[in-house]
Amino acid sequence: MINELLLAGSLIFIFSSALFAYRFFGKTGLYCLSALATVFANIEVLILINAFGMEQTLGNVLFAVTFLITDILSECEGKKEANKAVWIGMFSSAFFLLLSQSWLLYKPAEGDWVSGAMEQVFSNTPRMMLASFTVYAVSQLFDVWLYHKWWEFTEKKSGSKRKFLWLRNNGSTLISQIVNTLLFTLFAFYGVYDWKTLVSIFFSSYVIFIFTSLLDTPVVYLARRISDRKKAKENIGA
């Protein structure tokens, strides 16, 4: 039960952090969180756990918040800003990949006690990071594109830019997460685990993404309210 509680707590903490970042730092705060999430998720994803009756990797919640971030930016700041968050995430992943691999090239001192553990962890990250880098770019850019396609559709049907936020939020994320989960499972774990484990990782990851997508919808609504208040204050100040 401890794993389930930790995952639930992580979800609340990470989604709340996205709101906090946007409330106090605006889109810059979300850019920073996107960079941190992409780096940390690539470390977390190396850990395999059992939770909610499924075998799964950690990192799913952190990857999920990057989709929340692009949806908030798409809704409140625009497509250009959402795509900028994706490019920042890609840069962060590439930077971390190169830097972490350079650590392994150093010859440790005689009294060093951490290099062995670092090598054990980060010697396994190049494939994971390259898989994550590629899949992140494809799925996130697709998510932003699809979000605005859904927006065009809902605006045309309802005559309002504000209605059906829940549809464009979930319609884009749930579809793009299929692409994300399938590609990442194959690129990162093919040949590492047997097919039974691969299928388990895919379905467990996607089930988590379904829940995180549904749960992040109220967060996007709250973010839009924060954006509305900021714009109202700016208009009063003007």
Side-chain angles (χ1 to χ4, degrees), residues 11-35 37-38 60-90 135-182 205-238:
L11 181 68
I12 294 170
F13 171 72
I14 294 167
F15 280 13
S16 297
S17 296
L19 268 182
F20 181 90
Y22 189 54
R23 169 65 179 81
F24 291 100
F25 306 109
K27 60 186 179 183
T28 302
L30 292 181
Y31 292 151
C32 292
L33 184 59
S34 181
T38 52
N60 290 325
V61 175
L62 273 173
F63 276 125
V65 82
T66 63
F67 286 85
L68 169 62
I69 288 169
T70 53
D71 284 355
I72 291 174
L73 290 170
S74 286
E75 184 69 28
C76 303
E77 303 292 340
K79 186 176 181 179
K80 182 179 178 181
E81 284 70 20
N83 279 327
K84 185 175 180 180
V86 178
W87 290 109
I88 289 172
M90 292 169 62
V135 174
Y136 175 86
V138 172
S139 60
Q140 284 281 14
L141 291 172
F142 176 67
D143 179 66
V144 173
W145 174 83
L146 191 57
Y147 190 97
H148 288 271
K149 284 297 179 182
W150 276 111
W151 202 340
E152 290 175 12
F153 173 78
T154 56
E155 184 178 1
K156 184 178 180 181
K157 292 295 182 182
S158 67
S160 171
K161 285 182 69 71
R162 293 180 65 84
K163 290 182 178 179
F164 294 103
L165 188 160
W166 62 270
L167 180 59
R168 52 184 175 267
N169 170 233
N170 290 298
S172 60
T173 303
L174 289 173
I175 295 173
S176 59
Q177 287 288 19
I178 294 176
V179 176
N180 173 63
T181 309
L182 178 62
S205 297
Y206 189 62
V207 166
I208 291 171
F209 287 137
I210 290 174
F211 281 105
T212 55
S213 176
L214 296 174
L215 291 172
D216 79 11
T217 302
V219 182
V220 181
Y221 274 98
L222 288 171
R224 188 171 71 174
R225 181 175 294 183
I226 291 170
S227 177
D228 289 343
R229 288 177 179 175
K230 284 184 177 181
K231 289 174 182 176
K233 287 182 180 179
E234 289 173 1
N235 290 333
I236 292 172

Would you say the side-chain atoms of W151 pair up with the backbone N or O of K161, donor to acceptor, closer than 3.5 Å?
yes
Filter on salt bridge (charged side-chain N to carboxylate O under 4.0 Å, His left out), then keep only pairs touching residues 17-27, sequence neighbours left out; what's left?
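Of all non-adjacent pairs touching residues 17-27, those that pass salt bridge (charged side-chain N to carboxylate O under 4.0 Å, His left out) are K27-E81.
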As a quick check of understanding, evaluate side-chain contact (heavy atoms from CB on, under 4.5 Å) for F164 and F153, giving each step before the final call.
CA-CA 10 Å; F164 294 103; F153 173 78; over 6 Å; no
Could you grab the distance from atom [atom1] of [X] to atom [atom2] of [Y], nearest 0.5 Å is fine?
X	Y	atom1	atom2	answer
D143	H148	CG	NE2	9.5 Å
N83	I88	CG	CD1	11.0 Å
S34	L62	OG	CG	11.0 Å
T28	Y31	OG1	OH	7.0 Å
Y147	K79	OH	NZ	13.0 Å
F63	T181	CZ	OG1	10.0 Å

Going by the rule salt bridge (Lys or Arg N to Asp or Glu O under 4.0 Å), which residues pair with K230 if we only count those two or more places apart in sequence or in a different chain?
none
Sequence neighbours excluded, which residues qualify as salt bridge (Lys or Arg N to Asp or Glu O under 4.0 Å) partners of R229?
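None.
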What I'd like to find out is whether the side chain of [X] reaches to under 4.5 Å of the side chain of [Y], using heavy atoms alone.
X	Y	result
R168	V220	no
T212	F67	no
F142	I175	yes
L174	Y206	yes

Stepwise side-chain contact (heavy atoms from CB on, under 4.5 Å) check, L214 with W166
CA-CA 9 Å; L214 296 174; W166 62 270; over 6 Å; no
My understanding is that only one of L141, T38, N180 makes a side-chain contact (heavy atoms from CB on, under 4.5 Å) with Y136; could you say which?
T38
Would you check, one step at a time, whether the test side-chain contact (heavy atoms from CB on, under 4.5 Å) holds for L222 with V219?
CA-CA 5 Å; L222 288 171; V219 182; 5.5 Å; no
In terms of relative ring orientation, are F20 and F24 parallel, tilted or perpendicular, with 30° and 60° separating the classes?
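Rings of F20 and F24: tilted, as their planes differ by 30° to 60°.
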How far apart are the closest heavy atoms of A18 and L33, and which atoms are they?
CA-CD2, 3.5 Å
For A85 against I69, the heavy-atom pair lying closest together:
CB-CG2, 4.4 Å
If only side-chain N and O atoms count, and only distance matters, is there a donor-acceptor pair under 3.5 Å linking D71 with T173?
yes
Side chains of Q140 and T66 only: does a donor on one sit below 3.5 Å from an acceptor on the other?
yes
Would K157 and K163 satisfy side-chain contact (heavy atoms from CB on, under 4.5 Å), going step by step from the backbone distance to the final call?
CA-CA 10 Å; K157 292 295 182 182; K163 290 182 178 179; over 6 Å; no
